[in-house]
Amino acid sequence: MGIADQAFDIAEDWDAALAALAWQVEAGADEAIGDAPVNRYELAAEAPKPVAARPAANPVAAEPMAGADPVATARAAAAQAQTLDDLRAAIAGFDLCELKKGARNTVFADGNPKARVLILGEAPGAGEDREGRPFVGRAGQLLDLMFAAIGLSRTSPDAATALYIANVLPWRPPGNRDPEPGEIAMMLPFVERHIALVDPQVIVVLGNTPLLALTGTKGILRARGNWSEALGKPLLPMTHPAYLLRTPSAKREAWADLLSLQARLRG
Ligand code: URA
C-alpha cells in the first residue's frame with residue numbers, strides 16, 4: 001500500500017471515528033469513562049439481584065411477579081420496607097425501570113434521616129451517578145450554600161438544623177434528559193414510602209419533576225413559594241438550583257422561599 005493509500009485510510013478512520021462520536025453525543029453521551037465499551041445491559045442481566053440474595057427472613061422482596069405491572073410491583077416492594085435500609089435494598093433490587101441498566105449507581109439519599117426538612121430533587125446527574133450520592137455537582141454546591149444561609153445542612157447531626165436529600169428517580173436518565181411520566185409513576189411508590197419512613201416536618205420540592213410527582217401539578221415558576229400539602233405534610237415548591245445557576249436573577253425569589261421555610265420551622 002502506498003503512502004497516499006495509507007493517508008486515505010487514516011482519513012477514512014478519522015471520519016468514521018468522528019461520525020461515531022457525533023452519534024454518541026447525539027444519543028446523550030456526555031463524558032468518556034473508559035477506553036473499552038461496556039455493555040451495561042448485559043452486566044445488569046448477569047448481575048446478582050441484591051434483594052433476591054437477602055436472607056429469606058427479610059420481608060423485602062422486590063422480585064417482579066410474572067406479568068405484574070411495574071407500578072404494582074414497585075408498590076408491593078415499597079410497602080414491605082420497614083426501614084430505610086430495607087427501602088434502599090428494595091430500590092436496588094427493582095429491575096423494571098430501564099434507567100437502572102444504564103446507571104453506575106443507585107442514588108438513594110444523603111443527609112440526616114432525622115431531619116425536619118426533606119428535600120426532593122429530580123434525578124441524579126453524571127457526578128451523582130459516579131458517586132452514588134444526590135446533589136454532588138455544581139447544583140448541589142449551590143443547594144448546600146442556599147440552605148446553609150438559613151442554618152440547615154445535610155451534614156448536621158442535629159435534627160433541628162439537618163437536611164435529608166433524595167430524588168424522585170434513583171438512576172440517572174441518559175444525557176440528563178427529563179424523566180418520563182412512566183418512570184416517575186413507577187418510582188413514586190418508593191418515593192412515598194421514603195418520605196413516610198423519614199417522616200419529615202416539611203417537604204421541599206426542587207423543580208418541576210418532584211412538584212409533579214407529589215402534587216400532580218406542573219409549573220414550578222408559578223407554584224414556587226406557595227405552601228401546599230402532599231402526603232399529609234406541608235410542601236414548599238422551590239426552583240431547582242440548576243435553574244438558579246442558569247438564571248441568577250431568580251435567586252432573589254429563592255431567597256424569599258428560604259426565608260419562608262425558616263419562618264415555618266421557627267413557628
Ligand atoms: N439534580 C437533581 O435533581 N438531583 C441530583 O441529585 C442532582 C442534580
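In each ligand, atom 1 is the first atom listed, and ligand 1 is the first ligand listed. Not measured: the values here are computed from a predicted model.
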Checklist outcome for this item: Tyr164 meets the ring pair (Phe, Tyr, Trp, His ring centres under 6.0 Å) criterion, sequence neighbours left out, with His194
Checklist entry - Which pairs with one or both residues in residues 200-224 pass side chain to side chain donor-acceptor pair (under 3.5 Å), sequence neighbours excluded? => result Glu122-Thr209, Thr215-Thr217, Arg224-Asp257
Checklist entry - Parallel, tilted or perpendicular for Phe190 and Phe94, by the 30°/60° rule? => result perpendicular
Checklist entry - Are Val202 and Leu118 in one and the same hydrophobic cluster, where Ile, Leu, Val, Met, Phe, Trp and Tyr link if side-chain heavy atoms are under 4.5 Å apart? => result yes
Next on the checklist: For ligand 1, give me the residues whose heavy-atom distance to it is below 4.0 Å, by chain and number please.
Outcome noted: Gly121, Glu122, Ala123, Glu128, Pro134, Phe135, Asn167, His240
Extract all donor-acceptor atom pairs below 3.5 Å that involve side chains of residues 240-251 and protein atoms in other chains or at least two apart in sequence.
from	atom 1	to	atom 2	distance (Å)
His240	ND1	Ala242	N	2.9
Thr247	OG1	Tyr243	O	3.1

Next on the checklist: I'd like to know if Asp199 and Lys233 make a salt bridge, using a cut-off of under 4.0 Å between side-chain N and carboxylate O.
Outcome noted: yes
